[in-house]
Amino acid sequence: MDVMEELAESSEFNESKGPCLAFRQAASVLKSLPSAVRCLGAIQGLPWLGEHTKAVMEEILTFGRSFKVEEIRCDERYQALKLFTSVFGVGPKTAEKWYRRGLRSLKEILTEPNIQLNRMQRAGFLYYSDISKAVSKAEAEALGCIIEETVHWIAPDAVLALTGGFRRGKEYGHDVDFLLTVPEMGKEEGLLLHVIDRLRDQGILLYCDHQGSTFDVSKLPSCRFEDMDHFQKCFLILRLEEGQVEGERGLQRDPGDSRGWRAVRVDLVAPPVDRYAFALLGWTGSKQFGRDLRTFARKERQMLLDNHALYDKTKRNYSYRRLLRRTSLPIWVWSMWSLGREMHKHLPLTDTDTIPTLYIQYIKGSQTPSLGNTFCHEVERRFCRFIKANFLQFYTFWHVLFNI
DNA sequence: CGGCCTACG
DNA sequence: CGTA
DNA sequence: GCCG
């Protein structure tokens with residue numbers, strides 16, 4: 001139900017953080033259902049669908065539309081803020097500032113002399129028409145080939161993995177996310193900078209926001225070794241040439257566009273290999289899935305989860321990291337493989353935004369790790385249980401299967 | 001009635 | 001403030 | 001707005 005997303009957006013513009021979140025949760029639950037809701041009975045007992053959201057749904061089911069939603073769609077302020085925030089680098093605050101100045105269109109922003117755009121926003125406006133167009137799976141794969149070639153030229157043993165929405169089975173996305181890693185610990189140091197340099201040499205780097213590893217020896221003498229490796233990531237805009245895209249459709253572009261290329265938003269992340277499982281988890285899940293997982297970690301397990309590790313607050317160490325260190329096997333391969341297999345048993349759906357079909361194809365090609373290692377088994381067991389215990393979509397799907 | 005993900009620049 |  |  002796109003309606004819930006619209007209500008969430010409207011709440012966000014009204015600075016109502018709570019309702020915004022509630023509507024997003026509701027949207028997430030509805031998206032995870034195997035089919036569209038036909039009557040109110042079908043959503044009995046589902047989480048995050050309370051009095052208000054149900055009332056809106058009833059309105060739509062009986063009249064085909066909701067008065068409140070129609071009102072929001074027509075609202076001048078909502079339309080303007082939606083337009084402004086669609087620009088890369090422009091959030092609710094900046095959009096609000098422009099709206100209060102009486103500005104209503106993108107052209108008015110660009111012609112207003114008193115407005116100072118930052119680097120991100122300048123890129124956002126410069127490539128606006130391209131970036132706001134959907135990216136197809138074929139285009140994502142084409143970019144994967146280009147980047148992979150560049151990466152292999154630098155480090156032949158490096159592995160590039162498609163993550164984000166495309167890994168969840170989506171056909172279109174607003175950007176393309178990749179994870180880049182090397183089998184040997186530490187060899188990923190500086191790799192990303194090297195890759196960026198090569199992309200620049202090739203003339204396809206249109207914009208680059210690099211977030212280098214924040215390591216400063218003078219600044220953190222007290223910090224432990226474990227704390228220093230915030231892995232590298234970068235937000236890019238790349239130039240994708242026509243003819244590099246496979247398939248009969250080729251490039252996504254407007255009729256009458258004869259440039260022969262388009263700009264695409266690309267994210268590159270380069271974690272050390274022992275953090276691969278966490279990076280993959282973090283960058284494959286949707287925004288909402290990540291929130292659910294991290295909330296669960298903190299509230300239910302007294303742990304802290306991020307894209308690098310799972311931190312146990314009671315034990316004061318990185319719980320899985322210790323286990324990972326003590327095993328000779330590339331343990332992340334094993335945990336992701338089992339996790340993926342477990343997920344697919346229960347979640348045959350692959351085509352919605354909120355169901356991260358955790359990727360296992362790459363692992364399938366390699367051998368099945370030998371059993372009998374108690375560390376492997378323990379990590380696998382805890383990891384699987386952890387995910388399943390909080391997977392909102394899992395709960396929803398389970399509910400549909402057994403309670404209706 | 002308080003909390004709502006967590007990290008980076 | 002913005003990005004994921 | 002929904003939940004614990």
Side-chain angles (χ1 to χ4, degrees), chain A residues 4-5 7-12 14-29 43 45-57 68 84-98 116-124 131 163-165 173-179 192 207-216 227 229-237 265-271 275 278-301 303-311 313 390 392 395:
Chain A
M4 292 303 157
E5 290 288 356
L7 286 168
E9 215 169 17
S10 172
S11 305
E12 193 168 33
N14 291 333
E15 313 247 294
S16 325
K17 221 182 165 201
C20 168
L21 216 51
F23 286 128
R24 291 210 194 285
Q25 292 276 23
S28 179
V29 169
I43 57 166
L46 289 181
W48 299 109
L49 301 176
E51 212 170 320
H52 191 126
T53 48
K54 273 189 198 160
V56 172
M57 290 178 70
K68 259 191 71 178
F84 294 164
T85 52
S86 73
V87 178
F88 179 64
V90 179
K93 301 293 176 187
T94 311
E96 176 71 36
K97 203 173 71 189
W98 291 347
Q116 291 297 319
L117 300 174
N118 64 29
R119 212 173 77 81
M120 201 182 279
Q121 289 159 350
R122 285 202 300 272
I131 289 177
T163 61
H174 90 283
D175 68 354
V176 192
D177 306 306
F178 293 102
L179 233 57
L192 202 55
Y207 170 85
C208 172
D209 179 6
H210 176 252
Q211 318 209 308
S213 61
T214 52
F215 181 55
D216 190 344
D227 298 330
D229 40 15
H230 294 278
F231 53 71
Q232 304 201 17
K233 63 182 178 219
C234 62
F235 309 137
L236 313 175
I237 297 175
R265 274 275 299 107
V266 174
D267 297 332
L268 278 180
V269 187
R275 310 291 184 86
F278 297 100
L280 194 60
L281 183 65
W283 287 86
T284 303
S286 66
K287 193 171 172 175
Q288 198 54 47
F289 175 69
R291 282 179 171 175
D292 291 342
L293 218 52
R294 290 186 280 257
T295 302
F296 177 79
R298 180 180 284 278
K299 299 288 175 228
E300 305 293 330
R301 297 293 156 92
M303 288 178 172
L304 204 64
L305 176 71
D306 67 8
N307 290 0
H308 321 85
L310 184 65
Y311 181 74
K313 287 195 280 191
N390 185 56
L392 181 63
Y395 272 137

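Below, read A as the first sequence line, B as the second, and so on, with proteins coming before strands; counting in each chain starts at 1. All of these numbers come straight from a predicted model, not from anything done at the bench.
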Of the nucleotides [options], which one has an atom closest to the side chain of [X]?
| X | options | result |
| --- | --- | --- |
| A:Met120 | C:dA4, C:dG2, D:dC2 | C:dG2 |
| A:Arg291 | B:dC5, C:dA4, B:dC8 | B:dC5 |
| A:Asp175 | B:dA7, B:dC5, C:dA4 | C:dA4 |
| A:Asp306 | D:dC2, C:dT3, B:dT6 | B:dT6 |
| A:Phe23 | B:dC8, D:dG1, D:dC2 | D:dG1 |
| A:Trp48 | D:dC2, C:dA4, C:dT3 | D:dC2 |

Would you kindly give the [atom1]-to-[atom2] distance between [X] and [N], to the nearest whole Å?
| X | N | atom1 | atom2 | answer |
| --- | --- | --- | --- | --- |
| A:Glu12 | C:dG2 | CD | P | 10 Å |
| A:Asn307 | C:dT3 | CG | P | 17 Å |
| A:Gln25 | B:dG3 | CD | C1' | 13 Å |
| A:Glu9 | D:dG1 | CD | C1' | 17 Å |
| A:Lys54 | D:dC3 | NZ | C1' | 14 Å |
| A:Asp209 | C:dA4 | CG | P | 10 Å |
| A:Leu21 | B:dG2 | CG | P | 18 Å |
| A:Ile131 | C:dA4 | CD1 | P | 10 Å |

Report which part of the nucleic acid [X] touches: base, sugar-phosphate, or nothing (heavy-atom distance under 4.0 Å, all strands).
| X | result |
| --- | --- |
| A:Thr53 | sugar-phosphate |
| A:Thr94 | sugar-phosphate |
| A:Gly91 | sugar-phosphate |
| A:Arg265 | sugar-phosphate |
| A:Gln121 | nothing |

Work out how far the C1' atom of C:dT3 is from that of B:dC5, and round it to whole angstrom.
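Nearest-Å result for C:dT3 against B:dC5 at atom C1': 15 Å.
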When the P atoms of D:dC2 and B:dT6 are considered, how many whole Å apart are they?
23 Å
[X] side chain near [N] phosphate (N/O to OP1/OP2, under 4.0 Å):
| X | N | result |
| --- | --- | --- |
| A:Ser11 | D:dG1 | no |
| A:Lys17 | B:dC4 | no |
| A:His174 | C:dA4 | yes |

Looking at A:Thr163, A:Leu268, A:Val266, which one forms a side-chain contact (heavy atoms from CB on, under 4.5 Å) with A:Asp177?
A:Thr163
Grab the two heavy atoms, one from A:Leu49 and one from A:Ala26, that are nearest each other, plus how far apart they are.
CD2-CB, 3.7 Å
Taking all non-hydrogen atoms of both residues into account, name the closest pair between A:Phe23 and A:Met4 and its distance.
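Minimum heavy-atom contact is CB-O, 3.5 Å.
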5'-most contact on DNA chain B: A:Phe235 or A:Gly18, nearest heavy atom basis?
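Nearest-nucleotide comparison on DNA chain B picks A:Gly18.
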Side chain proximity check, A:Leu21 to A:Lys17, heavy atoms < 4.5 angstrom:
no
Steps toward side chain to side chain contact (heavy atoms under 4.5 Å, CB included) verdict (A:Trp48, A:Ser28)
CA-CA 9 Å; A:Trp48 299 109; A:Ser28 179; over 6 Å; no
Is any NZ, NE, NH1 or NH2 atom of the basic residue among A:Glu15 and A:Lys93 found under 4.0 Å from an Asp or Glu carboxylate oxygen of the other?
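Counted as a salt bridge, because a side-chain N and a carboxylate O are separated by less than 4.0 Å.
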